[in-house]
Amino acid sequence: MQRLIKLLLVVGFVSSVIADTAFAHAFLDHAVPGVGMDVSGSPRELRLYFTQGVVVAFSGVQVVGSGGKIPTSKAVNDPSDQSVLIVHFGRALGPGTYTVSWHVVSVDTHPTSGTFHFTVT
């Protein structure tokens with residue numbers, strides 16, 4: 001019986017470590033404009049929604065179109081939700097495909113990054 005209890009405790013501990021590791025990064029949940037989406041007209045801003053809070057001081061976003069890098073404001077957190085990163089576009093976006101490259105550091109200090117596209121029609 002004691003062996004069974006020890007085994008259950010070890011399995012429980014290992015499971016909790018694996019679960020903590022799996023959720024230890026801020027992954028992109030969704031974005032507006034959406035990943036791979038077509039949008040009608042120029043959006044004013046880009047919102048990135050992550051699976052946990054991000055530290056804006058160590059995070060950034062770059063948007064590139066066919067004419068090069070698009071000017072954006074510094075990334076800021078949504079005042080009501082640290083898991084949302086916002087950048088405002090410095091000019092109207094013309095029709096075309098745009099590549100968004102982002103990097104963030106989560107509130108638990110783990111870095112993640114990624115890239116996606118959206119199209120303005």
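Residue indices begin at 1 and follow the sequence shown. Because the structure is a prediction, the values reported are computed rather than measured.
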| Yes or no on side-chain contact (heavy atoms from CB on, under 4.5 Å) for I70 and R91, after CA distance, side-chain angles and deciding distance? | CA-CA 8 Å; I70 305 301; R91 64 173 173 84; 2.9 Å; yes
| query | Looking just at side-chain N and O atoms, do H25 and T112 make a donor-acceptor pair shorter than 3.5 Å? | reply | no
| query | V76, V32: one ILVMFWY side-chain cluster at the under-4.5 Å cut-off? | reply | yes
| Applying the 4.5 Å side-chain criterion to the ILVMFWY set and letting contacts propagate, would F50 and V55 be lumped into a single cluster? | no
| Judged by atom type as modelled, is there a donor-acceptor pair below 3.5 Å linking the side chain of T51 to the main-chain atoms of D29? | no
| Same hydrophobic cluster for V61 and V104, using side-chain heavy-atom links shorter than 4.5 Å among ILVMFWY? | yes
| task | Could you grab the distance from atom NZ of K69 to atom CD of Q62, nearest 0.5 Å is fine? | result | 4.5 Å
| query | Is there a chain of hydrophobic side chains (I, L, V, M, F, W, Y, each step under 4.5 Å between heavy atoms) that links V63 to V84? | reply | no
| query | Hey, are the side chains of Q52 and V107 touching, using non-hydrogen atoms and a 4.5 Å cut-off? | reply | yes
| task | Taking the side chain as every heavy atom from C-beta outward, state whether L46 and P33 have any atom pair closer than 4.5 Å. | result | yes
| Matching residue for H88 among S73, P71, P43 - test: side chain to side chain contact (heavy atoms under 4.5 Å, CB included) | S73
| request: Rounded to the nearest 0.5 Å, what's the gap from OG on S106 to CZ on F58? Could you check? | output: 12.0 Å
| message | Run the side-chain contact (heavy atoms from CB on, under 4.5 Å) test on F116 and L48 for me, step by step, so that the C-alpha distance in whole Å, both residues' side-chain angles and the decisive distance to 0.1 Å come before the verdict. | response | CA-CA 11 Å; F116 68 90; L48 305 175; 3.7 Å; yes
| OG1-NE2 distance between T115 and H103, expressed to the nearest 0.5 angstrom | 11.5 Å
| request: Over 60° means perpendicular and under 30° means parallel, so classify the ring planes of Y49 and H30, tilted if in between. | output: parallel
| task | Mind telling me whether F89 and F118 have parallel, tilted or perpendicular rings, with 30° and 60° as the class edges? | result | tilted
| query | Hey, is the main chain of S80 close enough, under 3.5 Å, to the side chain of D78 for a donor-acceptor pair? | reply | yes
| field | Test side chain to side chain contact (heavy atoms under 4.5 Å, CB included) applied to E45 and I86, V87, T72, the passing residue | value | I86
| query | So, do T121 and P95 sit near enough that their side-chain heavy atoms are less than 4.5 Å apart? | reply | no
| query | Looking at L85 and S59, what are the two nearest heavy atoms and their distance? | reply | CD2-CB, 4.2 Å
| message | Rounded to the nearest 0.5 Å, what separates atom OG1 in T119 from atom CG in L93? | response | 11.5 Å
| query | Can you get from V120 to V100 by hopping between Ile, Leu, Val, Met, Phe, Trp and Tyr side chains that sit under 4.5 Å apart? | reply | yes
| CD/Q82 to CG/N77 distance, rounded to the nearest 0.5 angstrom? | 5.5 Å
